[in-house]
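Every heavy atom of this structure was used, including side-chain atoms; hydrogens, water molecules and symmetry mates were not.
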Amino acid sequence: MTEEDETRRTLRSDAERNRDRIAGAARAAFRELGADAPMKEIAKRAGVGTATLYRRFPTREDLLAYVFADRLTGCEDSVHSALANPDPWQGLVDHINHLAHLQLEDRAFTAVFLYDFPPDSPVSHSRAEAGKALHQLLDAAKAAGDLRQDVDANDVMLLLKANDGVLRWAGDPAQEGQRLIERFLRSLHT
């Protein structure tokens, strides 16, 4: 191996370490401060300059998509799993509880889940697929006679927004969030 090859390899591994440090710092900052955490704060926490952060992640959307990709694709997996449940109502309940758990676990989840990513983003594609599957799940629960006919995907989004508020202001977020979810689901059940 030439000296030039060794230098390239070292630069690549440094770049990878920087990316990993930035992602870790961003996860912590987003969890603590929300999806609008200052990029300067993330760079500081990662121990890199803002130029390094922007070289790795040119936009906030790029950083959010990278940090939350596994959670957002997990939402798609969750709704597909719910669709596979022979009891569509139970599938819907399981999926909503999964989303509520993600909200409880990470303060930034709701903002990222509702974030308007560019249409060409892989996250947007995953979200679109999850949206189609959610519509199918709601239709299946209605056809089974378990879900009110006037319920649509906007109601699920409304629940997530309401739950986000409860989690931010509750004395016992887990208990109060679960209470909201249970009452909301009871109101939708026929």
So among D152, L158, V151, V156, which one has a side chain to side chain contact (heavy atoms under 4.5 Å, CB included) with N154?
-> D152
Criterion side chain to side chain contact (heavy atoms under 4.5 Å, CB included) against I181, the qualifying member of V93, L99, I96 = I96
Flag yes if more than 12 heavy atoms outside H125 fall under 6.0 Å of its NE2 atom; otherwise flag no.
-> no
Look at atom NZ of K44 and say whether more than 12 heavy atoms of other residues, nucleotides or ligands are closer to it than 6.0 Å.
-> no
Is a side-chain donor or acceptor of R60 paired with a backbone partner of A35 at a separation under 3.5 angstrom?
-> yes
Just how far is it from atom [atom1] of [X] to atom [atom2] of [Y], taken to the nearest 0.5 Å?
| X | Y | atom1 | atom2 | answer |
| --- | --- | --- | --- | --- |
| L102 | F68 | CG | CZ | 10.0 Å |
| L147 | L92 | CG | CG | 6.5 Å |
| L83 | H95 | CG | NE2 | 9.5 Å |
| L134 | Q136 | CG | CD | 9.5 Å |
| D77 | L72 | CG | CG | 11.0 Å |
| F109 | L104 | CZ | CG | 12.0 Å |

Does N18 reach the side chain of R55, with side-chain heavy atoms less than 4.5 Å apart?
-> no
What ring pair (Phe, Tyr, Trp, His ring centres under 6.0 Å) pairs are there with at least one residue in residues 43-65, not counting sequence neighbours?
-> F57-Y66
Test salt bridge (Lys or Arg N to Asp or Glu O under 4.0 Å) applied to [X] - qualifying residues, sequence neighbours left out:
| X | value |
| --- | --- |
| R45 | E32, E41 |
| E129 | K132 |
| R148 | D150 |
| E105 | R71 |

May I ask whether L167 and F30 are part of the same hydrophobic cluster, defined by side-chain heavy atoms of I, L, V, M, F, W, Y residues being less than 4.5 angstrom apart, directly or through others?
-> no
Give the cluster check for L114 versus L33: same hydrophobic cluster or not, with ILVMFWY residues linked at side-chain heavy-atom distances below 4.5 Å.
-> no
Work out which heavy atom in [X] is nearest to a heavy atom in [Y]; give both atom names and the distance.
| X | Y | value |
| --- | --- | --- |
| P88 | A144 | CG-CB, 4.0 Å |
| L180 | A162 | CD2-C, 3.8 Å |
| A133 | V79 | CB-CG1, 3.6 Å |
| A25 | A46 | CB-N, 3.6 Å |

Stepwise, does the side-chain contact (heavy atoms from CB on, under 4.5 Å) test hold for E16 with R19?
-> CA-CA 5 Å; E16 187 175 321; R19 185 193 64 221; 3.4 Å; yes
So which pairs with a foot in residues 161-173 pass side chain to side chain donor-acceptor pair (under 3.5 Å), sequence neighbours left out?
-> Q103-N163, T110-D164, D164-R168
